[in-house]
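Contents: one structure, followed by commentary.
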Amino acid sequence: MTHPDGKLLELEHVGFTYSTGIGFYGGRRIEALRDISFSVHEGETLGLIGRNGCGKSTLLRVITGIFRADRGRVIRHCDRISLLALNVGFDANLSGSDNLVISCMFLGASRREAQRMHDEIVEFAELEDYIDQPLKTYSSGMRARLGFSVGLKMNADLLLVDEILGVGDAAFRSKAREAMMQRINSEQAVILVSHNHPTMVDLCQRVIWLENGEIRDQGEPERVVEAYLAHLEQVRGVGRPLQGGPR
Amino acid sequence: MLDNSGDENAAVPERGHAATGGTAGRNASRETHLLAIDTRQFWAVFFTKLSMNLRSEVSRTYLGYLWWLLEPVLYVTALYVVFGIFLHTRTENFIVFLVCGQVTFSWFSRSVGNCTRSLLQEKGLINQVAIQKLFFPLLVVCQDLVKQGVVFLAMFGFLIFMGVQPAAAWWSLPVLILVQWLFILGIGMVCAGIVPLVPDLKFLINTLLMVTMWASGIFYSYKDVLLREHQELFLMNPMANLIKNYRQVILDGALPDWGALAAIALFSMALIVVMLWVFRRLDTTYARLALQ
């Protein structure tokens, strides 16, 4: 299944446009992604940084096939690409246990796999006492813990992680971070989106900086993150976001 | 709206190019149709979700399953009071006549209403997982079928209690129910698929359901009320036709009009096939529409 060059995923000149609003009053057409090209190799951890609304989440959805690119090509050399989102398919009226199983299944596990991982996930989420209660009785932190623990245990050839490292209380957060670090440092290929820049420098082998739907810079994490932070500083100084940016 | 359909069309040549050119055909073909959820997984998730939803629905209200029965009972009571007593338009055995019409019609109208909301309600999930959109209306229609099974059982119990004699022709009821289910699935898929594209239609669908109710002869017998030359037109409405056939089997102990049933089944299957194609064609459009 793997590509001779060890590539898991290639994007070539990918573009994605949508319009805001519908009807005769029209909407603005927004080019969310423009001419994006990069590839991800086996075992690699790739970071995505950029300001809110620069297209990071849209890019992840194009990669998983939730959105279809309008232009360019997305070539996948692996079977299972999972977007590790929190609380996939949760139903507030079902027990934590049922939600756990259905969520695993939406993320690609078989029912048997889900049931096998059940206890392990519950233990990690520290929800042993509540797992048979309906989800609507959970606090938002408990929900997020369950969601995160499900995501953590899912198998995927390429894992897309969208800003979910800050979940739960301080104790859980450090445990979650550690577990995720372990996962990322293993053979797992990951695309990581985060605003936690020191984490990105620690974890990633390569970082891509997105700005207004375009790749502004990519390469060595330390250098790219530094350039990005310097840019932020400058933008804040000016007082309003740069439109388009230099090409 | 127009913008968006333009988008999809613009995407076609690009995809065509992608599929033919490029590295290896094997890789290129995976490009557009790689979904996190394949067919086997689809059905596994489907049936798990189905059984969970049926349970979840029960825990949402105090009376749980009882509501599935109480709802038609309330409707029939209201119709009986208004038409049977106040307007005095009763036919013989009016309660049984009403039950046959109302129970089957509310199945149709509830399921279609639920389908209409099905994709909009699951916006969140559609944005997190690449899943075939058929999942949502089909789930609704199957969930409602199970509930309706309970209602039908109760209905037959009630009819026998009211003195209706089960006739040999009752063996054809499962066929009738299957044909109605196909019809509901067809219409439900159309509503589910079209409403996210043009949200305004939501209002139109509600009105159409109401009109269909008046036009389906739930509380009047078309043979008594309509002119002979209008009767054929009346029976062109699949719901009116199905209700007529339910009554023919249950009340008169006669076999249904097979020709009409075959026509409805064929029409429904045609709708289903067309909608399967539409869902396949617009699969990723629904996720994109959630942004608008």
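Lettering of chains follows the sequences in order, A, B, ..., and the numbering in each one begins at 1.
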Legend entry - Sidechain-backbone polar pair: B:Arg288 side chain, A:Thr17 backbone, donor-acceptor under 3.5 Å: yes
Legend entry - Rounded distance [0.5 Å steps], CD in B:Gln41 versus CG in A:Leu107: 9.5 Å
Legend entry - Neighbour count above 12 (heavy atom, 6.0 Å) for B:Ile194 CD1: no
Legend entry - Side-chain touch A:Asp91/B:Met52, heavy atoms, less than 4.5 angstrom: no
Inset, instruction - For residues B:Asn127 and A:Phe67, determine if any side-chain heavy atom of one lies less than 4.5 Å from a side-chain heavy atom of the other. - result: yes
Inset, instruction - Could I get the full list of salt bridge (Lys or Arg N to Asp or Glu O under 4.0 Å) partners for B:Arg55, not counting sequence neighbours? - result: A:Asp98
Inset, instruction - Please say whether more than 12 non-hydrogen atoms of neighbouring residues, nucleotides or ligands are located less than 6.0 Å from CD in A:Glu128. - result: yes
Inset, instruction - Decide if atom OH of A:Tyr138 counts as having more than 12 heavy atoms of other residues, nucleotides or ligands within a radius under 6.0 Å. - result: yes
Inset, instruction - Could you grab the distance from atom NZ of B:Lys49 to atom CZ of A:Phe106, nearest 0.5 Å is fine? - result: 5.5 Å
Inset, instruction - Taking atom OH of B:Tyr75 as the centre, report whether more than 12 heavy atoms of other residues, nucleotides or ligands fall under 6.0 Å from it. - result: no
Inset, instruction - Quick one: which of A:Ala114, A:Pro134, A:Ala109 has the most heavy-atom pairs under 4.5 Å with chain B, could you say? - result: A:Ala109
Legend entry - Residue A:Ala156 versus chain B: region with a heavy atom under 4.5 Å: neither
Legend entry - Spatial distance of atom CD (A:Gln115) from atom OG1 (B:Thr48) [nearest 0.5 Å]: 8.0 Å
Inset, instruction - Mind checking the CD1-CD1 spacing from A:Ile66 to B:Ile126? Nearest 0.5 Å is all I need. - result: 10.0 Å
Legend entry - Proximal component of B:Phe46, with respect to chain A [non-hydrogen, under 4.5 Å]: neither
Legend entry - Nearest heavy atoms of A:Arg68 and B:Arg281, plus distance in Å: NH2-O, 3.8 Å
